[in-house]
Amino acid sequence: MRKPIIAGNWKMNKTAAEAKELVNELKPLVKDAECDVVVCVPFTDIYAVAEAVKGSNIRLGAQNVHFADHGAFTGEISADMLLEAGVEYVIIGHSERRQYFGETDETVNKRTLTALAKGLKPIVCVGESLEERETGKTEAVLKAQIVNGLKDVEDITKVVVAYEPIWAIGTGKTATAEQANETIAFIRKTIAENFCPKCAEKVRIQYGGSMNAKNAHELMSMPEIDGGLIGGASLKAEDFSIVVKM
Ligand code: PEP
């Protein structure tokens with residue numbers, strides 16, 4: 001009942017020329033995909049990729065959006081700027097933004113509310129650190145990130161949640177399929193209890209963290225996992241297309 005969504009997070013990789021090349025390679029490989037296919041590209045690649053994906057089933061995403069309409073926010077990008085450039089999805093609150101750029105549940109919440117109000121589809125990232133997992137704080141951390149990060153969201157079904165354990169991002173360490181499934185079930189329960197039980201069944205929750213061509217099948221066969229947010233493996237057309245076809 002939930003359509004899976006596989007999104008590539010290119011992070012700070014690919015110039016506009018390289019981005020165009022990667023998307024052109026990807027298009028024929030994913031054209032028959034049964035899931036939603038998204039590439040979240042650096043800001044400078046957006047116009048080139050918007051042009052390259054025209055007429056294909058690949059959707060365009062960005063990696064951040066500011067909550068203000070415009071103003072003195074050096075280095076930030078507004079929802080209107082993204083929309084005019086053809087962006088449909090936006091990653092919000094990635095752990096690298098939280099870790100290196102001071103993103104908090106409060107700013108995640110403001111960015112998410114703005115994205116929704118403007119008609120962008122937010123992919124909101126949550127996840128615990130290794131220390132938090134090892135000290136039994138995973139559920140408390142995730143609950144706070146969901147409840148505070150999604151506060152005042154009226155239609156939670158418009159949000160895609162990405163569960164990304166920080167210890168699994170870019171490390172080659174994947175959560176086991178059972179661990180990921182169980183934690184995502186907890187996130188869904190948290191959404192049901194704090195937002196709306198019926199909607200929780202409709203919210204798409206991805207797994208992210210060293211997901212690749214080799215482990216995607218096992219992860220994607222779990223009932224709670226509705227797709228993936230893919231970092232490293234999204235930078236190679238062949239690898240990303242294998243994940244998309246799982
Ligand atoms: C990510 O950054 O969202 C991610 C999941 O990265 P990787 O797949 O490289 O672990």
Side-chain angles (χ1 to χ4, degrees), residues 7-16 18-19 22 38-46 49 60-68 71-79 81-82 85 87 89-115 120-135 137-138 140-151 159-175 180 183 187 205-212 228-236 240:
N9 173 15
W10 290 6
K11 312 194 186 195
M12 195 177 72
N13 292 292
K14 304 289 174 192
T15 64
E18 290 165 346
L22 175 54
V38 185
V39 288
C40 299
V41 307
F43 291 137
T44 49
D45 295 355
I46 287 173
V49 173
L60 179 55
Q63 299 172 16
N64 196 13
V65 61
H66 198 262
F67 39 81
F73 300 103
T74 303
E76 291 282 339
I77 302 281
S78 75
M81 292 169 184
L82 295 178
V87 169
Y89 289 86
V90 62
I91 297 174
I92 296 176
H94 190 278
S95 61
E96 287 151 17
R97 299 286 322 163
R98 294 178 190 255
Q99 192 178 346
Y100 306 129
F101 303 100
E103 200 80 60
T104 62
D105 290 341
E106 193 190 343
T107 57
V108 167
N109 183 240
K110 287 164 95 171
R111 293 181 200 272
T112 303
L113 292 174
T114 296
L120 285 166
K121 298 173 180 163
I123 299 176
V124 177
C125 301
V126 296
E128 80 287 1
S129 67
L130 185 59
E131 196 207 337
E132 287 161 346
R133 179 160 280 267
E134 287 178 346
T135 52
K137 296 191 188 120
T138 300
V141 167
L142 292 173
K143 184 174 175 188
Q145 288 176 341
I146 292 289
V147 171
N148 301 326
L150 300 180
K151 188 166 157 257
V159 175
V160 175
V161 175
Y163 166 56
E164 299 208 304
I166 298 168
W167 47 272
I169 297 179
T171 58
K173 259 192 191 179
T174 331
T183 313
I187 293 172
I205 310 180
Q206 302 171 305
Y207 168 76
S210 299
M211 191 161 164
N212 57 39
L229 184 56
I230 321 294
S234 70
L235 296 171
K236 290 193 182 129
F240 188 61

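If you're wondering where the values come from, they're calculated on a predicted model, not measured in any experiment. Only this structure's heavy atoms are used, side chains among them; waters, hydrogens and symmetry mates stay out.
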> Considering only heavy atoms from C-beta outward, does the side chain of Phe240 approach that of Leu22 to under 4.5 Å?
Replying inline: no

> Distance-only, no hydrogens or angles: does the Asn109 side chain make a donor-acceptor pair with backbone N or O of Lys151 under 3.5 Å?
Replying inline: yes

> What distance do Ser234 atom OG and Met211 atom CE have between them, rounded to the nearest 0.5 Å?
Replying inline: 12.0 Å

> How far apart are the closest heavy atoms of Ser210 and Gly172, and which atoms are they?
Replying inline: OG-N, 2.8 Å

> Would you say Ile91 and Cys125 make side-chain contact, with heavy atoms under 4.5 Å?
Replying inline: yes

>> His94 and side chain to side chain contact (heavy atoms under 4.5 Å, CB included): which single residue from Ile169, Asn64, Val108, Ile123 fits?
In response: Ile169

> CG/Asn13 to CG/Leu235 distance, rounded to the nearest 0.5 angstrom?
Replying inline: 5.0 Å

> Measuring from Leu82:CG to Leu60:CG, what's the distance to the nearest 0.5 Å?
Replying inline: 9.0 Å

> Do Glu128 and Pro165 have side-chain heavy atoms sitting under 4.5 Å apart?
Replying inline: yes

> Between Ala115 and Val90, which heavy-atom pair has the shortest distance, and what is it?
Replying inline: CB-CG1, 4.1 Å

>> Does Lys143, at its NZ atom, have more than 12 non-hydrogen atoms belonging to other residues, nucleotides or ligands within less than 6.0 Å?
In response: no

>> To check you understand the geometry: which heavy-atom pair defines the closest contact between Lys11 and Gly231, and what is its length?
In response: CE-CA, 4.2 Å

>> One pair to check against side chain to side chain contact (heavy atoms under 4.5 Å, CB included): Val160 and Gln206. What are the steps and the verdict?
In response: CA-CA 7 Å; Val160 175; Gln206 302 171 305; 3.8 Å; yes

> For residues Thr107 and Glu103, is any side-chain donor paired with an opposing acceptor at under 3.5 Å?
Replying inline: yes

> Which pair of heavy atoms, one from Met12 and one from Gln63, lies closest together, and at what distance?
Replying inline: N-OE1, 4.5 Å

> Step by step, would you call Val49 with Lys14 a side chain to side chain contact (heavy atoms under 4.5 Å, CB included)?
Replying inline: CA-CA 11 Å; Val49 173; Lys14 304 289 174 192; over 6 Å; no

>> If I take atom OG1 from residue Thr174 and atom CH2 from residue Trp167, how far apart are they, to the nearest 0.5 angstrom?
In response: 8.0 Å

>> Quick one: does any side-chain atom of Tyr207 pair with a main-chain N or O of Gly209 as donor and acceptor, under 3.5 Å?
In response: yes

>> So, taking the atom named CG in Leu229 and the one named CG in Asn9, what distance separates them when rounded to the nearest 0.5 Å?
In response: 5.5 Å

> What are the two closest heavy atoms between Thr112 and Pro122, and how far apart are they?
Replying inline: CG2-CG, 4.1 Å

> What is the minimum heavy-atom distance between Ala68 and Ser78, and which atoms define it?
Replying inline: O-CB, 3.9 Å

>> Rounded at 0.5 Å granularity, tell me how far CD1 in Ile46 sits from CD1 in Ile77.
In response: 7.0 Å

>> Looking at Glu106, I want to see if its CD is surrounded by more than 12 non-hydrogen atoms of other residues, nucleotides or ligands under 6.0 Å.
In response: no

>> For a side chain to side chain contact (heavy atoms under 4.5 Å, CB included) check, start with the C-alpha distance between Arg111 and Glu76, then their side-chain angles and the critical distance, and finish with the verdict.
In response: CA-CA 11 Å; Arg111 293 181 200 272; Glu76 291 282 339; 3.1 Å; yes

> Is there a side-chain contact between Arg98 and Asp105 (heavy atoms, below 4.5 Å)?
Replying inline: yes

> Is there side-chain contact between Glu164 and Glu96, with at least one heavy-atom pair below 4.5 Å?
Replying inline: no

